[in-house]
Protein chains: 2
Amino acid sequence: MPSPQPLPAASVDRAPPAAGASPTPAFSPLYQQIKGLILQSLQAGEWKPGEAIPSEMELAARFRVSQGTVRKAIDELAAENLVVRRQGKGTFVATHAEQHVQYRFLKLVPDSGDLDSEGPAQRHIIECRRVRASADVARALAMRPGDAVLQVRRVLSFGGTPAILEDLWLPGNAFKGLTAEQMADYHGPTYAMFELDFGVRMVRAEEKIRAVSADSGQSLLLKTEQGTPLLSVERVAYTYNDVPMELRRGLYRTDTHHYRNELS
Amino acid sequence: MPSPQPLPAASVDRAPPAAGASPTPAFSPLYQQIKGLILQSLQAGEWKPGEAIPSEMELAARFRVSQGTVRKAIDELAAENLVVRRQGKGTFVATHAEQHVQYRFLKLVPDSGDLDSEGPAQRHIIECRRVRASADVARALAMRPGDAVLQVRRVLSFGGTPAILEDLWLPGNAFKGLTAEQMADYHGPTYAMFELDFGVRMVRAEEKIRAVSADSGQSLLLKTEQGTPLLSVERVAYTYNDVPMELRRGLYRTDTHHYRNELS
DNA sequence: AAGTGGTCTAGACCACAAC
DNA sequence: TTGTGGTCTAGACCACTTG
């Protein structure tokens, strides 16, 4: 290892673009390539959520680059929440389970700001059935209209009062065999269950938020008056490589809670 | 410079906590201290928005640390959007002016997703007056109830149709002399005007979002029906050091636009 | 004590922009 | 050509965790 070896690596492309190369040289720094390789391993399931990935030194040896280069690659993965560093212990694959924040993607918080006061949400599954994707569901999930999807409807309550009514649409292929019982029984974030039972890891999401008016059915389920203004939150959640794996349409009551966002 | 000088710097604290030190050693790495010093200079106005800060080499010399350490400090400042790096040119103080995204903190986008299609917002100032801070305004701005604040009410329209009705509250001291004309005449982001005319730089913000129902006055100004569900967006914007400098309460129409958010 | 991530340094070289 | 930020390396040492 200590032998002077200033040179390339297996499977990484260290050559700068040749003179007169393509108009888009697609030059990417070494650490980006390393990041891509680690990403592939994550995606391939070489290390499972919650597990440690190899140490920086090991990865440096594997890819034949310096520790600093691996470090910068991991820095970016950590910044994107794909991986979590723990000093003295190692670097771990991010997981929706055992993450001190119960719901990483849920931005609805009590007006008091005291997250712990209300404890975990109670879930009530209203239905869970196989359907065929409508045009807009298909578009959101990058499928074709008519493809099989699982639709789940449920109500989340805090301290006994309903706060969220939401529909989930999941690609039928990836979530074969998902049942209402499974949705109801698992204690912990739904996304953690997806990781454990289906190997699907949600990595990022986009939300579109609107204000709408509760119709009769919705108001019944949320125990509010018809016409109550509700927050409509449409979320598309993605796995690695920007592959959409869930469409979620939520209606949030905002009389005792609000959607919290930080801008910078 | 090339002389071996493995040692401290003027005004930076390189000593690790002494044995048996305080229970919270408050150890902070060198680059954090450098970051703090740069932050102070930003805050003190040593470099103005849009201007270049000294090069990494210069800062390294000034603080008697290596370029790499300065680099890491600036990395964090860039990650927090306080500063913008431009390869080959330098590092620049972030500004709300001349930033290709017109409104950095405005997350309302047209459903089409095409930001350019509608052009800049038209502003209509309804009023701009000195008032005394109510209890909640005072709390948000870290002032005392009764202190002087400026209140501005305005409507923003896209392509002729009103989309946002908002009230702004600004500390009277910092914004002495702000007039309705000034609010109306400046072309570009309001926060850019704050930088130019008052030396106030908004650096981050927090928003609380709810769904509400338009009352008669609001529906008139937004040209909607009374009872239309609207997005209520309460924003507190901060300068350096987490000092709140603006409270903003906006009502967004979401029939042709939506609030867009990214989660990760 | 050994192993991991975290900090700091010094120096070489590359990519980009401006002159 | 010069100066800027960006990449990469190699090595030393620090802080934290575990045995």
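First the proteins, then the strands, lettered A, B, ... as listed; each starts at 1.
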Length of the line joining M57(B):CE and dT2(D):P, which is rounded to integer Å: 15 Å

Spacing between E76(A) atom CD and dG6(D) atom P, to the nearest angstrom: 12 Å

Nearest-nucleotide pick for E58(B), side chain only, options being dT4(D), dG5(C), dC8(D): dT4(D)

Electrostatic pair R235(B):E206(B) at N-O distance under 4.0 angstrom: no

Listed nucleotide nearest any side-chain atom of T91(A), set dT4(D), dG5(C), dC16(C): dG5(C)

R86(A) side chain vs F92(A) backbone, donor-acceptor pair below 3.5 Å: no

Separation of atom CZ in F63(A) from atom C1' in dC8(D), rounded to whole Å: 16 Å

I53(B) CD1 to dG3(D) C1', straight-line distance once rounded to whole Å: 15 Å

Salt bridge present between R248(A) and E166(A) (N-O < 4.0 angstrom): yes

Spacing of K35(B) atom NZ relative to dT7(C) atom C1', expressed in whole Å: 15 Å

Note: E262(B)-R260(B) ion pair, threshold 4.0 Å (strictly below): yes

S264(A)-E80(B) side chain donor-acceptor pair, cut-off 3.5 Å: no

R86(B) vs dA17(C): side-chain N/O to OP1/OP2 distance below 4.0 Å: no

Separation of atom OH in Y31(A) from atom C1' in dC13(C), rounded to whole Å: 16 Å

Residue pair F158(A), H257(A): steps toward the ring-ring contact (aromatic ring centres under 6.0 Å, His included) verdict: CA-CA 10 Å; F158(A) 294 107; H257(A) 291 65; 5.2 Å; yes

Net bend of the helix from dA1(C)-dT18(D) to dA18(C)-dT1(D), end axes of five pairs each, nearest 10 degrees: 10°

Interatomic distance, L77(A) CG vs dG5(C) C1' [rounded to whole Å]: 15 Å

dT4(D) phosphate, OP1 or OP2, under 4.0 Å from R85(B) side-chain N/O: no

Minimum-distance nucleotide (side-chain atoms of V65(A) versus dA15(D), dT9(D), dC8(C)): dT9(D)

Close residues, residues 66-75 of chain A, relative to DNA chain C [heavy-atom separation under 4.0 Å]: R71(A)

Residue pair H96(A), Y103(A): steps toward the ring-ring contact (aromatic ring centres under 6.0 Å, His included) verdict: CA-CA 8 Å; H96(A) 288 267; Y103(A) 305 102; over 10 Å; no

cation_pi(R201(B), F194(B)) dist<6.0 Å, angle<=45: no

Sugar-phosphate, base or nothing in reach of E56(B), heavy atoms under 4.0 Å: sugar-phosphate

Rounded distance in Å - CG (L59(A)) to C1' (dG3(C)): 15 Å

Contact under 4.0 Å: K89(A) side-chain N or O vs dG5(C) OP1/OP2: no

Any residue meeting side chain to side chain contact (heavy atoms under 4.5 Å, CB included) with A78(B), in chain and number order, not counting sequence neighbours: V83(B), R85(B)

Ion pair R71(A)/E76(A), N-O distance below 4.0 Å: no

